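Quick notes on the structure that follows.
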Number of protein chains: 2
Amino acid sequence: MKKTSLNDIALHLGVSKTLVSFVLNGKGKEFRISEEICKKVLAVSKELNYQPNRIAQGLRTGKTNTIGLIIADIANPFFGILGREIEQEAAKFGYRVIFCSSDENPEKSRQQIEMLQQSQVDGYIISPPKDSEDQIRALALGNVPLVLIDRYFPEIECNHITVDNFDAAYRATNHLLRMGRKRIANITVNLDLVNMHQRTEGYKQALRDSGIRVEESLIKVLPFSHENKEVAKAVKDLVTKNSQNKVDAILFSTSKLGINGIESISALGLKIPDDIAIVSFDNPDAYKICVSPVTVVNQPLKEIGKTAVQILLGEIKHPDNHAKIQKVILKTDLIIRKSCGS
Amino acid sequence: MKKTSLNDIALHLGVSKTLVSFVLNGKGKEFRISEEICKKVLAVSKELNYQPNRIAQGLRTGKTNTIGLIIADIANPFFGILGREIEQEAAKFGYRVIFCSSDENPEKSRQQIEMLQQSQVDGYIISPPKDSEDQIRALALGNVPLVLIDRYFPEIECNHITVDNFDAAYRATNHLLRMGRKRIANITVNLDLVNMHQRTEGYKQALRDSGIRVEESLIKVLPFSHENKEVAKAVKDLVTKNSQNKVDAILFSTSKLGINGIESISALGLKIPDDIAIVSFDNPDAYKICVSPVTVVNQPLKEIGKTAVQILLGEIKHPDNHAKIQKVILKTDLIIRKSCGS
DNA sequence: TTGAATTACTAAATCGTTTTAGCAAAAATA
DNA sequence: TATTTTTGCTAAAACGATTTAGTAATTCAA
């Protein structure tokens, strides 16, 4: 029950495996293999159910037709949708994807990059965790194509696809202001990542442009591995009546924060949008069916994934493009629902 | 800038690559390589940043340390969480995972299985779509380990991990009955899959055991690729006042159905649980923050994933176990929230 | 009719490992 | 001292493909 190899077909027909290889790679014409033999090879290869050994091919050609993907957590629908799109677009061109969840942990991502290197992947799509600059720099200097998604490191010259986070947060905050909110908080994570940083900067700028002073105490920065409790604590500080930080609106920088936040707000017996208005980044199902459906900054996840694969494959196929770095910044859209009042 | 190979290290030290291979595989003792040389090899391998070429290893040893995963859709949090667990457990033992989303499409899954075969994966974890019996049977007869998850085909002898869907649906339905509901509907998909079939059977049995006649018109079976509209239509038929199918509770067999269902119910201006009670399979975030948090059948996703990997790796390491088929059926738990009244 | 060109193929090297078989020198034994 | 055993290592085959360089047989041109 061993798998059939090129050689098996060759022996079966009394020809060389060179010939078989030529024919099966569609190079029969090019190498002047007779029609007759071509047909026989094809027939026998079908008869013996020949499946090329991609590992052997990979060793010989140096191309594995595999790309390595590192994201924070495939269980998070944000990355799930992104991963799905990447898998799908890659499959279109005959590429497989090895998925890795880094949990925003640079040590894990280091190990994963090493593993992917050893696996001889043809390219990387990475959403790099904080403190992984060195790994990314090293990769970017190598000669294997690399595309960063969702975030990047400003000081590293490297392809990346992101959204205009500043603009998105600016518009989201502005929306809250237009809806009459005066005191707006921002709950966020990990300010060391550019994307999060830009969100908070956009929020601040919107306030300033409306002549509102930015109060640092209204910006709650939670550790990445935040528990429900921590969000609850932050929310509590921002919404309780006699807190001096009492606000009338919150901008959540991620949906994980937002979902936990809504839970906390409900638990405190407060109503959205009457007691507090909210806007959140990302657009999970949860926001469509909760008490008041949430106004969100929707990211073009499919486009991010698709573009990342296209740029990556472009570079894989034309390594000479390697010098041309592509920095793509996509637009988000603000989906207005009921969580900011009307 | 070429990668360093075993041979590079060998040349660098003036020894054979055989020796280098022995040392780096920790077989220095076994093959009586002198301490001194061992140290040098290790040092040079570190100095040249040697990374083993897993492709070459794979070709030589026939083991790629890679497992192939086929699920319906990685963007669906149900499979996202499952996939995450599988990735994590596999990584613990040095295995990589190639992810494939089949969209419940047997033609896609066929292609994906073929791709994974060519990639020489060491084992498969598959959530097989309907009409993929032949593919699965063929795989099961081969000598590459295989574990099915979430569903299986009763007529195919093969490892599988599922939950007790019959029991889960039975208990969920019973809960609705205990909460005083008299007329209970079931909205489901794809009855051809055992898991879905068992859910509906559990639902029916619970009704019968309570002396309630099963009405086929209250069981709505939607196509897999159901749109929001179709769910809306089913819901509408079940909840509108003068419909002869008017019910006071619905059991949703998947969370995708449930989420769409809740949206439809809200759109009709009805209140959960006052106008209609609901229970759903699966436990997405959405159910925690919606108008009335939803009572759910929670599946032990982490355990399913972990067990699947353990059984698979067990078989990979001890191919003699191949004959011993493992059928694991895990328990679900019913998480009671507010959607059934109190 | 000879030399060149074309046709239809094949041998062998190669990719980077692992692993079997074996070899020379030193040490131990008789 | 001669033989055996042990020590410390290496050569070479193998995995399954691709690809370069070539070759024998035929056809063509002059």
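To find a chain, count down the sequence lines: A is the first, B the second, and so on, and within it residues start at 1. Owing to the predicted nature of the structure, the values given are computational and were not obtained by experimental measurement.
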- prompt: Under 6.0 Å from the NZ atom of K40(A), do we count more than 12 heavy atoms belonging to anything else shown?
  reply: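 Atom NZ in K40(A) is not crowded, with 12 or fewer foreign heavy atoms closer than 6.0 Å.
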query: For dA17(D), does OP1 or OP2 lie under 4.0 Å from any side-chain N or O of N7(A)?
result: no
N or O in side chain of Q57(B) less than 4.0 angstrom from dT18(C) OP1/OP2: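 Yes, Q57(B) has a side-chain N/O under 4.0 Å of OP1/OP2 on dT18(C).
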Which part of the nucleic acid, if any, lies within reach of [X] when heavy atoms closer than 4.0 Å are counted: base, sugar-phosphate only, or nothing?
X	value
S5(A)	sugar-phosphate
S21(B)	base
K27(B)	sugar-phosphate
I55(A)	nothing

- line: Between T61(B) and I33(B), the residue closer to the 5' end of DNA chain D by nearest nucleotide is I33(B)
message: Quick check: on DNA chain D, is the nucleotide nearest V15(B) upstream (toward 5') of the one nearest R60(B), or the reverse? Name the residue that is more 5'.
response: V15(B)
Ionic contact status for [Y] with [X], cut-off 4.0 Å:
X	Y	result
E157(B)	K327(B)	yes
K92(A)	E89(A)	yes
E107(B)	R110(B)	yes

Considering only [options], which nucleotide approaches the side chain of [X] most closely?
X	options	answer
R32(B)	dA17(D), dG16(C), dT7(D)	dT7(D)
S16(A)	dA11(C), dC9(D), dG16(C)	dA11(C)
I37(A)	dA17(D), dC9(C), dT18(C)	dC9(C)
L6(B)	dT18(C), dC9(D), dT19(C)	dT18(C)

query: If you take atom types as modelled and just measure distance, does the side chain of K17(B) reach the base of dT18(C) with a donor-acceptor pair under 3.5 Å?
result: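 Between dT18(C) and K17(B), which were checked side chain against base, a qualifying N/O pair under 3.5 Å is absent.
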message: Distance criterion of 3.5 Å, no angle test: do you see the side chain of T18(A) paired donor-to-acceptor with the base of dT18(D)?
response: no
What is the distance from [atom1] of [X] to [atom2] of [N], rounded to the nearest Å?
X	N	atom1	atom2	result
E30(A)	dT18(D)	CD	P	13 Å
E35(A)	dT7(C)	CD	C1'	14 Å
L59(B)	dA17(D)	CG	P	9 Å
K63(A)	dA17(D)	NZ	C1'	17 Å
L19(A)	dA8(C)	CG	P	12 Å
K40(A)	dA8(C)	NZ	P	14 Å
I9(B)	dG16(C)	CD1	C1'	12 Å
F31(B)	dA21(C)	CZ	P	11 Å

field: Any side-chain donor near an acceptor of the partner, S127(B) and R151(B), under 3.5 Å
entry: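 Yes, a side-chain donor-acceptor pair sits under 3.5 Å.
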- prompt: Does the pair N159(A) and E315(A) meet the rule for a side-chain hydrogen bond (donor to acceptor under 3.5 Å, both in side chains), with working shown?
  reply: CA-CA 10 Å; N159(A) 299 311; E315(A) 236 186 68; 2.8 Å; yes
